[in-house]
2 protein chains.
Amino acid sequence: MEDDFYCLHSQLCKALANDKRQMILAALRDGERSVLDLVDVTGIRQANLSQHLSLMRTRGVVVARREGTRVYYSISNQKLIQAFDLITEVMEESLEGRVRVAGSIGDASALSQSGVNEEASDESRS
Amino acid sequence: MEDDFYCLHSQLCKALANDKRQMILAALRDGERSVLDLVDVTGIRQANLSQHLSLMRTRGVVVARREGTRVYYSISNQKLIQAFDLITEVMEESLEGRVRVAGSIGDASALSQSGVNEEASDESRS
DNA sequence: TCCCAATATCAGCATTCGTGAATACTTGCC
DNA sequence: GGCAAGTATTCACGAATGCTGATATTGGGA
């Protein structure tokens with residue numbers, strides 16, 4: 001299908017694919033916050049925070065509203081929070097699954113010697 | 001909150017944050033496919049495809065099943081498809097929004113000269 | 001055993017990303 | 001205007017990522 005679609009789609013995903021930006025989004029989850037707030041909550045330095053916010057702003061993930069000398073940021077679309085939560089669920093289920101697999105190896109034998117399913121033990125967070 | 005959480009979360013997001021991987025996931029949407037299939041459908045070279053699949057495998061995004069000389073890949077968790085679709089919706093709504101904003105500028109004046117809301121016209125796909 | 005098809009991995013290179021430091025803008029106030 | 005607080009931008013550089021070509025591994029026949 002169209003090539004631009006996947007590019008735009010991944011651009012949006014990239015805007016979420018960073019631990020600090022995840023922290024920021026989590027901090028914005030319950031409503032808007034000023035940059036100063038975010039510095040406090042996340043512990044990220046102002047300049048760096050501003051860079052991440054700028055990135056997410058140009059990607060349409062967050063929106064900004066100025067009030068006096070402060071700028072308040074908020075998440076642009078609640079569906080992003082739904083997506084965030086879905087990813088969280090996948091993550092948790094995936095972790096459970098790996099523990100289970102590591103405990104009872106048996107029917108994975110068809111793949112176990114083929115280099116196809118070696119990630120269960122040591123690569124789980126690399 | 002916990003720091004590892006956001007790291008893991010972003011790891012999973014990173015596994016989705018790439019246009020070729022998005023193509024691959026879209027191709028796997030309706031069921032499993034062999035690597036050869038995927039080469040045909042996506043046009044990605046075999047070596048590169050294999051690397052992307054390997055990455056997604058170690059991140060728990062896809063699972064592999066060997067049958068003879070072929071390996072069939074499939075998406076590990078249907079929630080990833082839901083997340084994919086949510087992102088798509090956000091993307092589309094965001095694009096609509098920008099077109100609208102670009103058409104009728106007026107109440108954005110509070111931010112327009114502050115460098116806070118400059119992305120509407122030319123950065124929409126950078 | 002030798003060969004072939006299918007998949008995986010490696011080495012090297014180019015590009016992108018993340019960060020801190022320094023600096024520039026904006027706004028409100030004196 | 002000058003100043004201070006709050007926020008944004010630029011630069012430089014190390015680290016991570018993506019791609020290609022070459023090579024290795026695996027499984028199934030002849």
Side-chain angles (χ1 to χ4, degrees), chain A residues 6-7 10-11 13-24 32-59 62-74 109-119 123 125-126, chain B residues 6-7 10-11 13-24 32-59 62-73 109-119 123 126:
Chain A
Y6 297 111
C7 195
S10 70
Q11 293 283 34
C13 283
K14 274 195 232 286
L16 310 175
N18 176 285
D19 37 356
K20 296 198 176 170
R21 292 199 284 274
Q22 297 277 351
M23 289 182 68
I24 295 169
E32 66 176 13
R33 282 183 184 275
S34 72
V35 177
L36 208 55
D37 275 354
L38 290 172
V39 168
D40 281 356
V41 173
T42 63
I44 304 170
R45 302 186 178 216
Q46 184 271 322
N48 192 8
L49 190 49
S50 205
Q51 296 175 69
H52 284 299
L53 287 169
S54 168
L55 204 179
M56 291 196 281
R57 190 153 38 75
T58 60
R59 298 283 217 283
V62 299
V63 293
R65 175 180 74 82
R66 165 158 252 144
E67 189 175 314
T69 173
R70 311 210 169 169
V71 177
Y72 291 87
Y73 281 88
S74 53
S109 55
L111 290 172
S112 59
Q113 74 279 18
S114 68
V116 160
N117 201 15
E118 305 291 346
E119 83 285 357
E123 304 178 48
R125 48 121 231 42
S126 75
Chain B
Y6 297 110
C7 195
S10 69
Q11 293 283 36
C13 283
K14 275 194 230 288
L16 310 175
N18 175 284
D19 38 356
K20 297 201 174 170
R21 292 200 283 275
Q22 296 276 352
M23 290 183 68
I24 295 169
E32 65 178 13
R33 282 183 185 274
S34 71
V35 177
L36 208 55
D37 275 354
L38 290 172
V39 168
D40 281 357
V41 172
T42 63
I44 304 170
R45 302 189 176 217
Q46 185 269 323
N48 192 9
L49 190 48
S50 205
Q51 293 174 44
H52 284 301
L53 288 169
S54 169
L55 205 180
M56 291 196 281
R57 192 153 37 74
T58 60
R59 299 283 218 280
V62 299
V63 293
R65 174 180 75 80
R66 165 157 252 142
E67 189 177 313
T69 173
R70 313 211 167 167
V71 177
Y72 290 87
Y73 281 88
S109 55
L111 289 172
S112 59
Q113 74 279 20
S114 68
V116 159
N117 202 15
E118 306 293 345
E119 83 282 358
E123 306 177 47
S126 72

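In what follows, chains are A, B, ... by sequence order, proteins preceding strands, each numbered from 1. Values below: all heavy atoms of this structure, side chains included; hydrogens, waters and symmetry mates excluded.
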Hits for side chain to side chain donor-acceptor pair (under 3.5 Å) against B:Gln22, two or more places apart or cross-chain, chain-then-number order -> A:His9
Taken in chain and number order and not counting sequence neighbours, the residues that satisfy side chain to side chain donor-acceptor pair (under 3.5 Å) with A:Asp37 are none
From NE2 of A:His52 across to P of D:dT9 the rounded distance in Å is 14 Å
Residue pairs meeting side-chain hydrogen bond (donor to acceptor under 3.5 Å, both in side chains), one or both in residues 43-52 of chain B, sequence neighbours left out, come to B:Arg21-B:His52, B:Asn48-B:His52
To the nearest angstrom, the CD-C1' distance between B:Gln51 and D:dT23 comes to 13 Å
Taken to the nearest whole Å, CD1/A:Ile24 to P/C:dT19 is 10 Å
B:Leu53 and B:Val71, any side-chain heavy atoms less than 4.5 Å apart:
no
Between A:Ala17 and A:Glu67, whichever has its closest DNA chain C nucleotide further toward 5' is A:Ala17
So CG of A:Asn18 and SG of B:Cys7: to nearest 0.5 Å the spacing works out to 9.5 Å
B:Arg70 atom CZ is separated from C:dC4 atom P, nearest whole Å, by 18 Å
Closest to the 5' end of DNA chain D, once B:Thr69 and B:Arg21 are matched to their nearest nucleotides, is B:Arg21
Rounded to whole Å, CZ of A:Arg66 lies from P of C:dT27 at a distance of 5 Å
Rounded to whole Å, CG of A:Leu55 lies from P of D:dT10 at a distance of 14 Å
Is the phosphate of D:dT17 approached by B:Asn18 (side-chain N or O, under 4.0 Å from OP1 or OP2)? no
CZ of B:Arg59 to OG of B:Ser54, rounded to nearest 0.5 Å, is 10.0 Å
Contacts of A:Ser74 meeting side chain to side chain contact (heavy atoms under 4.5 Å, CB included) (sequence neighbours excluded), chain-then-number -> A:Glu32, A:Val63
All heavy atoms of B:Val39 vs all of B:Ile44, minimum pair found to be CG1-O, 3.7 Å
A:Asn48 atom CG is separated from C:dA21 atom C1', nearest whole Å, by 12 Å
**Item:** Phosphate-side-chain proximity, B:Tyr73 and C:dA8, N/O vs OP1/OP2 below 4.0 Å
**Value:** yes
Within residues 35-47 of chain A, the residues having a heavy atom closer than 4.0 Å to DNA chain C are A:Arg45, A:Ala47
Could you pull out the protein-nucleic contacts involving nucleotides 14-16 of chain D (nitrogen or oxygen on both sides, under 3.5 Å)?
none

dist A:Ile24:CD1 -> A:Thr42:OG1 (nearest 0.5 Å) comes out at 6.0 Å
note: B:Arg33, atom CZ; C:dA6, atom P; distance rounded to Å ~ 16 Å
